[in-house]
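Structure first, then comments.
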Amino acid sequence: MKPSADMRHHRRRSGGQRWKEHNSARQTLILETAVALIEENAPGTEVSIQQIAERAGLARSVIYRQFENREDLDAQVREFILGRYLAEFESMLVLDPGKSAEEIILEVMRAVVSWAAEHPNLYRFGWTGDVHGNEPGETGLATARHRIADALWHRFSSWTAVLGIDVTGFRPLVVGLVGMVEGVVTQYICVPPDAEQPDQEAIATLLTSSTWYMFAGHAADLGYHFDRSANVAAVLGELFADAAAHHPDH
């Protein structure tokens, strides 16, 4: 008895889905292997397709079938690195009511500095060259700045919207803030190991203070004055009370 047309279609579709999953798993293995080799080698060392194939336990021809060319592989590696970095960054953007704004900013800066210091090769490689899915010529650095700024702006503007505070005009400053942090971190990891420079905690503290002064200064211009050591719950309570007083119908 022959299977029905619907059954044959289901088999073809299931087979196609399994093939896609198989290729996706291979791509992930190749990207993870490339990242591991970039981390292990000296800065600026080009990792060959042969090295990736041997470490991943695949034939070179398999790698060539998964990517258009070497440039496409490198671009997808950068996208892979950037995705991991952004996931870690976004996980830190939590408004913990039991902490002060300064403590929250410091935790984020510590994570940013620590990630770059622990993965300097990935930081350098990921931020240079094309990124998969972007326009040719748009470097990983530009992509990282915009994606981090977008994530930061989304969280910040959603918090202020709840309070009825319009911060639309400050959108460009978020990009500037991200650029400042990136510049300081890049300078930190590029300094020769034997050169004298501040440690990670000092860098994170410096970035925290600079971020706070920018935020507090513009907030003061809008009539808001914050204590950097006050916990978020107390600050939010005052802001909600202020919003209720000015907009009793809401």
Side-chain angles (χ1 to χ4, degrees), residues 13 15-93 108 111-155 171 174-179 181-183 185-186 189-190:
R13 185 174 58 184
Q17 180 64 31
R18 285 195 298 271
W19 181 248
K20 286 182 180 179
E21 291 173 354
H22 178 68
N23 278 340
S24 176
R26 277 189 167 177
Q27 280 199 0
T28 300
L29 171 61
I30 293 166
L31 294 173
E32 288 177 339
T33 302
V35 165
L37 288 168
I38 291 171
E39 291 229 66
E40 292 172 12
N41 284 277
T45 301
E46 181 173 328
V47 175
S48 69
I49 297 293
Q50 184 63 38
Q51 286 177 292
I52 298 172
E54 290 177 357
R55 175 67 68 86
L58 301 170
R60 290 177 58 182
S61 58
V62 172
I63 296 179
Y64 286 122
R65 285 198 297 269
Q66 297 294 325
F67 304 93
E68 294 178 8
N69 48 43
R70 179 56 196 255
E71 289 71 26
D72 180 47
L73 171 59
D74 287 346
Q76 293 207 40
V77 170
R78 292 189 186 95
E79 173 65 25
F80 191 74
I81 293 169
L82 182 55
R84 285 189 167 182
Y85 178 81
L86 281 172
E88 184 166 336
F89 174 77
E90 290 183 341
S91 71
M92 298 297 299
L93 299 180
V108 172
V112 169
V113 176
S114 175
W115 193 94
E118 292 174 7
H119 309 284
N121 288 356
L122 298 187
Y123 192 88
R124 293 186 184 96
F125 182 85
W127 272 224
T128 58
D130 294 342
V131 176
H132 181 70
N134 287 8
E135 292 294 325
E138 183 176 349
T139 65
L141 173 59
T143 302
R145 282 182 178 176
H146 286 119
R147 291 191 189 178
I148 294 170
D150 286 346
L152 186 57
W153 177 253
H154 175 73
R155 296 292 179 90
R171 177 68 175 85
V174 176
V175 180
L177 172 62
V178 172
V181 173
E182 180 275 325
V185 172
T186 298
I189 67 170
C190 289

* To do: For the pair Val108 and Phe89, evaluate side-chain contact (heavy atoms from CB on, under 4.5 Å) and give the outcome as yes or no after the intermediate values.
  => CA-CA 7 Å; Val108 172; Phe89 174 77; 3.8 Å; yes
Locate the shortest heavy-atom distance separating [X] from [Y]; write the atom from each residue and the value.
X	Y	value
Arg78	Gly126	CD-O, 3.9 Å
Glu118	Glu39	O-OE1, 3.9 Å
Arg124	Ile189	NH2-O, 2.9 Å
Ile52	Ala34	CD1-CB, 3.9 Å
Ala142	His146	O-ND1, 2.9 Å
Pro43	Asn121	CG-OD1, 3.4 Å

* **Criterion side-chain contact (heavy atoms from CB on, under 4.5 Å) on Asp130 and Glu71, from CA distance to verdict** => CA-CA 8 Å; Asp130 294 342; Glu71 289 71 26; over 6 Å; no
Gap separating the [atom1] atom of [X] from the [atom2] atom of [Y], nearest 0.5 angstrom:
X	Y	atom1	atom2	result
Trp127	Ile81	CH2	CD1	8.0 Å
Glu90	Leu152	CD	CG	10.0 Å
Ile38	Gln51	CD1	CD	10.5 Å
Tyr123	Glu182	OH	CD	4.5 Å
Leu31	Leu73	CG	CG	7.0 Å
Gln66	Thr28	CD	OG1	9.5 Å

* May I ask you to say whether Glu32 pairs ionically with Arg84, meaning some side-chain N is under 4.0 Å from a carboxylate O? => yes
* Apply the test side-chain contact (heavy atoms from CB on, under 4.5 Å) to residues Phe125 and Asp74: give CA-CA distance (whole Å), side-chain angles for both, the deciding distance (0.1 Å), then the verdict. => CA-CA 9 Å; Phe125 182 85; Asp74 287 346; 4.0 Å; yes
* Is there a side-chain contact between Val77 and Val47, using heavy atoms and a 4.5 Å cut-off? -> no
* Can you tell if the side chain of Leu86 reaches within under 4.5 Å of the side chain of Ile148, non-hydrogen atoms only? -> yes
* With sequence neighbours left out, what residues match Trp115 under ring pair (Phe, Tyr, Trp, His ring centres under 6.0 Å)? -> Tyr85, His119
* Whether over 12 other heavy atoms sit under 6.0 Å from Gln50 CD -> yes
* Asked: Does Glu88 offer a backbone N or O that forms a donor-acceptor pair with the side chain of Ser91 under 3.5 Å?
  -> yes
* Audit row: Val175, Trp153, side-chain contact (heavy atoms from CB on, under 4.5 Å) steps and yes/no -> CA-CA 9 Å; Val175 180; Trp153 177 253; over 6 Å; no
